[in-house]
Amino acid sequence: MSFLLALLFTLSSNLDNFVMGLTYGVKNEDIPLLSNIIISFITTFVTYLSMLFGQLITHLVPHKFSNELGSVIFILMGAWFIGSDLLKKQQIAQEKHRDLSIKGAIILGFLLSINNIGVGILGSITQLNIMLVVTLTFITGVGLTYAGNNLGDHVIGKVIGKYNDIISGTLLIGLGVLSLLFTF
């Protein structure tokens, strides 16, 4: 039962990795394995630290606050994607294929780790096995980012590539709103 509970915790904290991977895939941007590992390492490390210091952090920053902060950041990113699409002129040429840079992966890793703070705190309060949660956080982070990126690039990106920024922004806003409505 402890494994299943830890898996559910890590999946809920890493679902945003899937959405972010999907967002980049729709924009025809690859997330290379090294960038994916960097993102997952950062989110895993933040989860580990938040679990270690969960009891102390609970008194200073409640889980609900970190979840709301992460939600607001995703909503703002989504609005920025939609706004940039509405402001730019229609492109005639096909968008060139790009990869997520190492610097971008580091920034993205920190952004994605915001929700993991709350999950780490909650996980430590419920006395989940720290090493199990950390291991599953890394594995699900890499897997969900890869799956989202490839799904966005090969399925959605080919069909609706013309509206990629609007779709990406809508996905991010949806993730932010769902995170605000349903605390994971």
Side-chain angles (χ1 to χ4, degrees), residues 1-52 63 66-67 70-71 73-74 77-78 81 97-124 126 128-160 164 167-176 178-179 182-184:
M1 186 58 140
S2 178
F3 178 82
L4 184 59
L5 191 56
L7 182 61
L8 290 174
F9 266 91
T10 58
L11 284 174
S12 70
S13 67
N14 284 328
L15 281 178
D16 48 353
N17 287 46
F18 178 78
V19 174
M20 192 58 70
L22 188 67
T23 300
Y24 276 82
V26 166
K27 293 177 67 157
N28 200 28
E29 294 182 26
D30 276 341
I31 300 177
L33 181 60
L34 180 59
S35 295
N36 191 347
I37 289 172
I38 289 169
I39 292 166
S40 294
F41 176 78
I42 291 169
T43 57
T44 300
F45 185 69
V46 169
T47 301
Y48 176 70
L49 289 179
S50 68
M51 289 189 79
L52 285 179
H63 170 68
S66 65
N67 191 58
S71 300
I73 288 172
F74 280 118
M77 286 176 64
F81 277 4
H97 185 76
R98 297 180 292 181
D99 290 348
L100 178 65
S101 68
I102 300 298
K103 180 181 175 183
I106 292 169
I107 293 168
L108 189 56
F110 281 111
L111 287 174
L112 289 171
S113 67
I114 291 171
N115 282 340
N116 292 47
I117 294 170
V119 172
I121 294 168
L122 189 55
S124 66
T126 58
L128 288 175
N129 181 308
I130 291 176
M131 293 316 297
L132 180 60
V133 169
V134 166
T135 302
L136 289 174
T137 297
F138 184 79
I139 292 169
T140 59
V142 169
L144 289 172
T145 302
Y146 176 82
N149 191 236
N150 284 303
L151 179 66
D153 184 35
H154 293 109
V155 177
I156 296 173
K158 303 287 188 226
V159 176
I160 317 173
N164 60 7
I167 293 168
S168 299
T170 302
L171 287 171
L172 289 171
I173 290 171
L175 175 66
L178 286 174
S179 293
F182 304 103
T183 304
F184 296 110

Could you work out, with side chain to side chain contact (heavy atoms under 4.5 Å, CB included) as the rule, every residue matching [X], not counting sequence neighbours?
X: Ile102; answer: Leu34, Ser35, Ile38, Ile106
X: Ile139; answer: Thr135
X: Thr44; answer: Val134, Thr137, Phe138

What I'd like to find out is whether the side chain of [X] reaches to under 4.5 Å of the side chain of [Y], using heavy atoms alone.
X: Tyr146; Y: Asn36; answer: yes
X: Asp30; Y: Tyr24; answer: no
X: Met20; Y: Thr145; answer: no

Could you tell me which residues satisfy side chain to side chain donor-acceptor pair (under 3.5 Å) with [X], sequence neighbours excluded, listed by chain and number?
X: Thr43; value: none
X: Asn14; value: Thr140
X: Ser40; value: none

Measuring from atom [atom1] of [X] to atom [atom2] of [Y], what distance do you get when rounded to the nearest 0.5 angstrom?
X: Leu136; Y: Asn129; atom1: CG; atom2: CG; result: 9.5 Å
X: Ile39; Y: Ile31; atom1: CD1; atom2: CD1; result: 5.0 Å
X: Phe110; Y: Phe45; atom1: CZ; atom2: CZ; result: 8.5 Å

Problem - Nearest heavy atoms of Thr10 and Leu7, plus distance in Å - result: OG1-O, 2.9 Å

Problem - Atom of Glu29, atom of Asn149 and distance for their closest heavy-atom approach - result: O-ND2, 3.0 Å

